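See structure below.
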Amino acid sequence: MSNKLIIMDGNSIAFRAFYALPLLNNDKGVYTNAIYGFTTILLKIIEEEQPTHLLVAFDAGKVTFRHKDFKEYKGKRQKTPSELSEQFPLIRKLLDSFSIKHFELEGYEADDIIGTMTKEADQEKWSTKVYTGDKDMLQLVSDHVHVALTRKGISEVEYYDLDKLDEKYQLKPEQIIDLKGLMGDTSDNIPGVPGVGEKTALKLLHQYETVEKVYEHIEEVTAKKLKENLVNYRDDAFLSKALATIERGAPIELKLEDTVYEGYDKEKVVPFFKEMAFGSLLERVGAEVAELKEEDMEEIVVQTLTVDDQELLKQALISPSALHAEVTEENYHKSPVLGLSIRNKNGLFFVSNPTVQESKDIQQWLKDRGQEKWIYDAKRAEVALSWLGIELEGVHFDTYLAAYLLDPSDSDYTADSIAKKYTGLTISSDEQVYGKGAKRTLPNPEEELEEQVIQHIARKADSIYIVKEKLEEKLEEAELSSLFFELEQPLGRVLAKMELEGVKVERKTLDDMGEELASRLDELTKDIYELAGTEFNINSPKQLGEILFDKLQLPVIKKTKTGYSTNAEVLEKLEPQHEIVGNILHYRQLGKIQSTYIEGLKKVIMAKTSKVHTMFQQTIAATGRLSSIDPNLQNIPIRLEEGRKLRKAFVPAQEGCVLLAADYSQIELRVLAHISEDEGLIEAFKEDKDIHTKTAMDVFHVEEKDVTSLMRRHAKAVNFGIVYGISDYGLSQSLNITRKEAASFIERYFESFPGVKKFMEDVVKQAKKDGYVTTLLHRRRYLPEINSSNFNLRSFAERTAMNTPIQGTAADIIKKAMIDMALKLEEKKLASKLLLQVHDELIFEVPKNEIDIMTKLVPEVMEAAVQLNVPLKVDVDYGDSWYDAK
DNA sequence: TATGGCACGC
DNA sequence: GACGTACGTGCCATAA
């Protein structure tokens, strides 16, 4: 078998991994992100390359022979953050556990070790590949030696052989040194020639091949400034070239054969992964240890309730009890309930679906609000049971919502991970029991369940019973109890009723619109094919890119990582250049309406009732906002008339009703005025000024009458940026201006609203100190990256610190308003119903005889949801469809 | 089946 | 040493 050697540039890969991944730490508080990333790459290499020999080279010592020639070498480089340097010993330990050779040599860099080893390997004609993030290494490429450069992220790499190098730079490997000699390298503090970047350097090298030859022909260089710089910085050019040259004859005792790799021993790797808490990687190396199957778990005693066993029913149906309803389908509006489990001081009980349906005792207990229940995802249980005609009341504690409030940035609130996270208790996940993806098989709800499934369902109630106390304590500690008991849990009930009520959507209206769209799309398609001179899939960005930029030779504005960018922003710039572009934009617009909204909505209308029943997700957004799925009713078009017409299909379900929409005007900016106590902003809202115009007046120092529409548009975008926490880059994108200009807009905004500036500074400081930010109602969001040494991660966390109190408080307010409104409707015995929430807007179905009272009541209640130091303002309108309630 | 590009809302 | 920029949902195409 032929030899295959892989050499990893240890420092470079570790750096890459460190900066590509968030600062993970394991349960001991040790940072592990670089180790984790390093391990993923390593596993990938082992799997994909199947090397016979493996070596990891590290830098050693701060001073290398390069410093003798140039003491500023790597001078400007910031010192390695401690969060990373502390991970290096563990990376070595990782390699030891894999029985992989690693090597370092005092006074030399990893580059030189790699240079020397690859030279030997090349002579022996070993197929060799170097994994690194350092472009310099491209100088090592030869027939036998290839280089894999890490790209974005950690696992994406780009492979270089001689052909690829020629294709990309039209250079030979040895010319990489010349390239760097001319252009320098700021990260290593290698000077190069001022004013010479990659483009110029490549041009020179394509013409003259080497630095030496460039100087031999220096008189031929016509560009005056360039020639001057080349002449003046001649020494730097040669020095830089020397510094960039990788040593290929370092005094290394290591022999090629010493790097032999014969596979790793699971017995050694598994303990290390466990120590690092690399759960997912354990699975990847096939550690059976992680596979806790239901049948392997200790069997627990579960008593199955029957309709007649009064004695057992008496034990099971008490207060308080943990209750779990196994609702298996993702969409709980159309899911069976496999059964219930109950855990209390008397033990653990299971109730099959037929028993639930039959037993009046159980149903009575379920709807008795005096019988306290602890539950996981009460809304799911309530809605699914409700579709079966069974009521659920008396939920005192929902572990799902509690886990969300305790850490709203988490992405996994499955019952098993909550149990694991808060009590260390291991129970099976649904995936382990039912399988996932195509292999997911759910038990037939008509048939008796297997013991394994009953155990699984029972264990969930068991875990709820155990984890509840812990969660309750934690909520109290984090001052989240009232948010939990008075806001989030009651809101869950309100949402359940909204979802169950559903919204009527007229299929006929959608059909008609769909037909018209289809024929217009047909026309557009024909025109586009005609203009393109060929038929292609307009929906494929890849094919579209080829047509626009290869065939029609339109200028490339932006690239994505897979090819040309063809998004609306790009197309709008190209629109004047070719007739086809406008057609494509229009096609996209109509196509979106057709596929996502017309066809998408039709799929989810329940035939019987003509209604759609969304699911409001209460644990997704870290700011506290809701989201809506299946269908998403929070993104129905409104901006453009063609899409807005869709709203005509959303109508009252009941005869003699209208739809009423009430939206908060500028709620986020009012919240900002309140929190920041900025005088100018407060006054603007007290006087109910047009806030964007007011912003423009202050930022551009003009009178109201002199505010142009452009100024207002810019001011509006700045306000938008403040509300959504976008960066100067984001603002520059949305206004199509330079980043500098955007930054100066933001600066001028802060000058005009000093209170806002102070708030932003204070909240970031506070977040750095406490590690989290809060909203008006104490919602909390942790920002572990706010003290990161990584500029990007830190900046992002800082913007989040500024934005979350604003957006989160707005979310608190409308949630409170929803609860208040639900109470009001009940109290006043009104027949009006709350149907939808769209972040700052509530939609009701209102009988005509209640229109007068509701148009008054809804704004009143919404505006009084909380008291701020500026008024809240609500606009209201109603009509025969959502379209007409504008 | 997973991922990327794109577009809709706030 | 790298670099990517409110969020969430859902569609389509494409690669794996």
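Just so you know, these numbers come straight off a predicted model, no measurement behind them. All chains are named by letter (A, B, ...) in the order of the sequence lines, taking the proteins before the strands, and each is independently numbered beginning at 1. FYI, side chains are in, hydrogens and waters are out, and symmetry mates aren't considered; it's all heavy atoms of this structure.
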Under 4.0 Å between a side-chain N/O of [X] and OP1 or OP2 of [N], yes or no?
X: A:Thr566; N: B:dC6; answer: yes
X: A:Thr623; N: B:dC10; answer: no
X: A:Arg588; N: B:dA7; answer: yes
X: A:Arg16; N: C:dG1; answer: no
X: A:Ser565; N: B:dG5; answer: no

Taking the [atom1] atom of each, how far is [N] from [M], in whole Å?
N: B:dA7; M: C:dA2; atom1: C1'; answer: 30 Å
N: B:dC6; M: C:dC3; atom1: C1'; answer: 23 Å
N: C:dT5; M: B:dG4; atom1: P; answer: 12 Å
N: C:dA6; M: B:dG9; atom1: C1'; answer: 13 Å

May I have the distance from [X] (atom [atom1]) to [N] (atom [atom2]), rounded to whole angstrom?
X: A:Glu841; N: B:dC10; atom1: CD; atom2: P; answer: 7 Å
X: A:Ile746; N: C:dA6; atom1: CD1; atom2: C1'; answer: 13 Å
X: A:Leu601; N: B:dG9; atom1: CG; atom2: P; answer: 14 Å
X: A:Arg647; N: B:dC10; atom1: CZ; atom2: C1'; answer: 11 Å
X: A:Ile843; N: B:dC10; atom1: CD1; atom2: P; answer: 10 Å
X: A:Phe650; N: B:dG9; atom1: CZ; atom2: P; answer: 13 Å
X: A:Tyr587; N: B:dC6; atom1: OH; atom2: P; answer: 15 Å
X: A:Ile620; N: B:dG9; atom1: CD1; atom2: P; answer: 21 Å

Verify the distance criterion only: is there a donor paired with an acceptor across the side chains of A:Asp522 and A:Thr525 at less than 3.5 Å? no
Which base, if any, makes a Watson-Crick or G-U wobble pair with B:dA7, both distances under 3.5 Å?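 Check on B:dA7: paired to C:dT9, both distances under 3.5 Å.
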Scan every strand shown for a Watson-Crick or G-U wobble partner of C:dC3, both distances under 3.5 Å, and answer none if you come up empty.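 Pair assignment: C:dC3 / none.
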Over all strands shown, is [X] touching base, sugar-phosphate only, or nothing at heavy-atom distances under 4.0 angstrom?
X: A:Tyr729; value: base
X: A:Asn567; value: sugar-phosphate
X: A:Gln617; value: sugar-phosphate
X: A:Arg739; value: base
X: A:Val723; value: nothing
X: A:Gly591; value: nothing
X: A:Arg639; value: sugar-phosphate
X: A:Ile593; value: nothing

Before accepting this row, confirm whether a basic side-chain N of the pair [X]/[Y] lies closer than 4.0 Å to the acidic partner's carboxylate O.
X: A:Lys645; Y: A:Glu641; answer: yes
X: A:Arg520; Y: A:Glu642; answer: yes
X: A:Arg625; Y: A:Glu668; answer: yes

Reading 5' to 3' through nucleotides 10-16 of chain C, protein heavy-atom contacts under 4.0 Å coded B for base, S for sugar-phosphate only, - for none: BSSSSS-
Do A:Arg780's NZ or CZ and the ring of A:Tyr772 fall within the cation-pi criteria of under 6.0 Å and 45°? yes
Main chain of A:Gly624, side chain of A:Lys815: is a donor-acceptor contact present, judged purely on distance under 3.5 Å? yes
Do the ring planes of A:Phe58 and A:Phe88 sit parallel (below 30°), tilted (30 to 60°) or perpendicular (above 60°)? perpendicular
Within a strict 4.5 Å, meaning less than it, do heavy atoms of the A:Leu646 and A:Ile598 side chains meet? yes
Name the residue from A:Thr566, A:Leu548, A:Leu574 that meets the side chain to side chain contact (heavy atoms under 4.5 Å, CB included) definition with A:Ile584. A:Leu548
Identified side chain to side chain contact (heavy atoms under 4.5 Å, CB included) counterpart of A:Leu138 within the set A:Thr132, A:Ile176, A:Leu179: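 Output: one option passes, namely A:Ile176.
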Nearest to the side chain of [X] - [options]?
X: A:Arg799; options: C:dT5, B:dA7, B:dG5; result: C:dT5
X: A:Ala438; options: B:dT1, B:dG5, B:dC10; result: B:dT1
X: A:Thr560; options: C:dG4, B:dG5, C:dT9; result: B:dG5
X: A:Phe720; options: B:dG5, C:dT5, C:dA6; result: C:dA6

Comparing A:Ser12 and A:Ala621 on DNA chain C - which has the more 5′ nearest nucleotide: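 Per heavy-atom nearest nucleotide, the more 5' residue is A:Ser12.
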